[in-house]
Asks: 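Quick one: this structure, given as structure tokens, is what I'll be asking you about.
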Amino acid sequence: MSRAVPRLHLISDRRHCPLDRFPDVARAAVLAGFDAVHLREKDLPAEEVIEAARALNRALGDRAALFINDRVDVALIVGAAGVQLGETSLSPRDVRALAGQSLLIGRSVHDVEGAERAAVEGADFVLAGHIYATGSKPGQPPRGLDFLAAVTAATPLPVIAVGGIMPERVPEVIAAGAYGVAVITGVLAAADPGAAAAAYRRALETGGSIQA
């Protein structure tokens with residue numbers, strides 16, 4: 001795919017930021033340096049996801065890539081930049097057959113085999129986690145940096161790390177081989193989302209070189 005894979009991803013979560021506030025929070029994060037926003041609301045009816053996606057498009061303009069989680073139909077309807085696929089959703093190969101080169105395709109993975117399969121099936125990047133303990137996965141042990149290093153070694157695709165990543169942890173995540181990071185509570189639960197997003201941008205810029 002000719003379009004660059006974003007490095008800083010903000011993911012929606014209504015438990016921390018209601019959808020009517022999310023466009024403003026996402027815009028603040030993007031202005032501070034985030035280059036991708038994910039609408040991850042798989043439990044909502046399609047009409048509500050479309051409405052939320054269009055609100056994000058109005059807020060973001062062309063400043064960041066909008067990804068729709070799982071809903072390829074919604075991504076195509078609203079002209080999103082890409083789609084983020086869960087491990088049990090459509091395969092990247094099937095999405096590519098449907099959408100051609102119009103969408104960047106991310107695949108969420110939780111083991112090395114999933115990362116290898118994502119590359120074979122034509123994904124553009126993988127989102128791997130969860131790396132650290134996180135309230136988004138209560139009671140589930142984190143997979144840690146060794147897991148992240150194993151995933152980055154197993155796939156030629158850019159790896160976006162997710163799960164409990166605060167700005168101070170970004171350098172060690174990049175050192176383990178990650179291309180970028182995805183964030184939920186680190187921005188959504190912050191008193192000042194823009195300032196929190198800027199801290200991630202600074203940490204990424206000083207945390208290591210970009211993978212080839």
Side-chain angles (χ1 to χ4, degrees), residues 1 3 5-16 19 22 26 36-57 64-131 134 136-140 142-143 147-148 150-152 154-165 178-184 188:
M1 191 101 189
R3 286 178 290 169
V5 173
R7 297 190 75 197
L8 277 175
H9 299 240
L10 178 66
I11 301 174
S12 73
D13 187 329
R14 301 198 309 277
R15 294 172 298 177
H16 302 289
L19 279 184
F22 187 60
V37 175
H38 291 233
L39 185 60
R40 185 180 182 274
E41 304 297 344
K42 295 179 286 187
D43 61 317
L44 291 180
E47 184 177 356
E48 292 185 38
V49 180
I50 290 171
E51 181 180 353
R54 286 175 171 157
L56 279 169
N57 269 335
L66 174 62
F67 287 82
I68 309 298
N69 280 54
D70 280 342
R71 296 301 303 261
V72 181
D73 53 348
V74 173
L76 292 171
I77 288 168
V78 303
V83 62
Q84 182 67 35
L85 304 172
E87 283 190 312
T88 60
S89 60
L90 293 173
S91 75
R93 182 180 291 118
D94 288 338
V95 173
R96 190 68 72 205
L98 175 67
Q101 297 298 313
S102 64
L103 295 175
L104 280 167
I105 299 175
R107 179 66 133 180
S108 297
V109 302
H110 302 93
D111 53 40
V112 167
E113 292 75 19
E116 293 172 335
R117 190 163 55 250
V120 171
E121 293 180 348
D124 294 300
F125 66 94
V126 297
L127 194 150
H130 57 292
I131 306 304
T134 171
S136 298
K137 303 286 185 181
Q140 298 184 28
R143 291 177 170 84
F147 157 79
L148 178 60
V151 168
T152 61
T155 179
L157 300 177
V159 176
I160 307 299
V162 66
I165 301 172
Y179 174 81
V181 301
V183 180
I184 301 175
L188 298 187

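For the numbers below, each heavy atom of this structure counts, side chains included, while hydrogens, waters and symmetry mates do not.
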Asks: Quick one: CZ on Phe147 to CG on Asp111, what's the gap to the nearest 0.5 Å?
Replies: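 Going from CZ on Phe147 over to CG on Asp111, the span is 7.0 Å.
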
Asks: Please evaluate residues Arg96 and Asp124 with respect to the criterion salt bridge (charged side-chain N to carboxylate O under 4.0 Å, His left out), reporting the C-alpha separation (whole Å), side-chain torsions for both, the decisive distance (0.1 Å), and the verdict.
Replies: CA-CA 10 Å; Arg96 190 68 72 205; Asp124 294 300; 2.9 Å; yes

Asks: Do you know which two heavy atoms are closest between Ile68 and Val83, and how far apart they sit?
Replies: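 Here Ile68 and Val83 meet closest at O-CG2, 3.1 Å.
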
Asks: To check you understand the geometry: which heavy-atom pair defines the closest contact between Ala150 and Val112, and what is its length?
Replies: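 That closest heavy-atom pairing would be CB-CG2, 3.8 Å.
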
Asks: To the nearest 0.5 Å, how far apart are CD in Glu116 and CG in Leu157?
Replies: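 Spacing of CD (Glu116) from CG (Leu157) equals 11.0 Å.
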
Asks: side-chain contact (heavy atoms from CB on, under 4.5 Å) between Ile77 and Arg54: does it pass, once the steps are laid out?
Replies: CA-CA 10 Å; Ile77 288 168; Arg54 286 175 171 157; 3.7 Å; yes

Asks: Knowing that exactly one of Ile50, Leu44, Val49 qualifies, which makes a side-chain contact (heavy atoms from CB on, under 4.5 Å) with Leu39?
Replies: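 Single side-chain contact (heavy atoms from CB on, under 4.5 Å) partner of Leu39 among Ile50, Leu44, Val49: Val49.
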
Asks: Between CG of Leu10 and CG of Leu188, what distance do you get to the nearest 0.5 Å?
Replies: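 Output value for this atom pair is 5.0 Å.
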
Asks: Does atom CZ of Arg143 have more than 12 heavy-atom neighbours from other groups under 6.0 Å away?
Replies: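 More than 12 heavy atoms, drawn from other residues, nucleotides or ligands, come within 6.0 Å of this atom.
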
Asks: Which pair of non-hydrogen atoms, one from Val5 and one from Tyr179, has the smallest distance, and what is that distance?
Replies: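 Taking every non-hydrogen atom into account, O-OH, 2.8 Å.
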
Asks: Checking side-chain polar atoms at under 3.5 Å, does His110 have a donor or acceptor matched by the opposite partner on Glu87?
Replies: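 A donor-acceptor contact under 3.5 Å links the two side chains.
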
Asks: Taking all atoms of both residues into account, what is the closest heavy-atom pair of Ala65 and Ala81, and its distance?
Replies: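 Closest pair (atom of Ala65, atom of Ala81, distance): CB-CB, 3.7 Å.
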
Asks: To the closest 0.5 Å, what do you measure between CZ (Phe67) and CD1 (Ile11)?
Replies: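 Here the rounded value is 10.5 Å.
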
Asks: With rounding to the nearest 0.5 angstrom, report the CD1 to CZ distance, Ile105 to Arg93.
Replies: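 So the CD1 of Ile105 and the CZ of Arg93 are separated by 11.0 Å.
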
Asks: Which pair of non-hydrogen atoms, one from Arg107 and one from Leu90, has the smallest distance, and what is that distance?
Replies: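 Nearest pair, atom of Arg107 first, then Leu90: NH1-O, 2.9 Å.
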
Asks: Going from OG on Ser89 to CG on Asn69, what distance comes out if it is rounded to the nearest 0.5 angstrom?
Replies: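 It comes to 9.0 Å.
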
Asks: Between Ile165 and Val183, is any pair of side-chain heavy atoms under 4.5 Å apart?
Replies: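 With C-beta onward as the side chain, the pair stays apart.
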
Asks: Picking from Ile160, Val37, Ile184, what satisfies side-chain contact (heavy atoms from CB on, under 4.5 Å) with His9?
Replies: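 Exactly one pass, corresponding to Ile160.
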
Asks: Apply side-chain contact (heavy atoms from CB on, under 4.5 Å) to the pair Val72 and Leu85, showing each step before the final yes or no.
Replies: CA-CA 9 Å; Val72 181; Leu85 304 172; 4.3 Å; yes

Asks: Under the side-chain contact (heavy atoms from CB on, under 4.5 Å) criterion, do Arg7 and Phe125 qualify, and how do the steps go?
Replies: CA-CA 10 Å; Arg7 297 190 75 197; Phe125 66 94; over 6 Å; no

Asks: Please check if the side chain of Arg14 supplies one atom and the backbone of Glu41 the other of a donor-acceptor pair under 3.5 Å.
Replies: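 Such a contact is absent between Arg14 side chain and Glu41 backbone.
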
Asks: Surrounding CD of Glu51 (heavy atoms of other residues, nucleotides or ligands, distance under 6.0 Å), is the total greater than 12?
Replies: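 No, CD of Glu51 has 12 or fewer neighbouring heavy atoms, counting only those of other groups under 6.0 Å.
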
Asks: Specify the closest pair of heavy atoms between Leu127 and Ala182, including all atoms of both residues, with the distance to one decimal.
Replies: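 Nearest pair, atom of Leu127 first, then Ala182: CD1-CB, 4.1 Å.
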
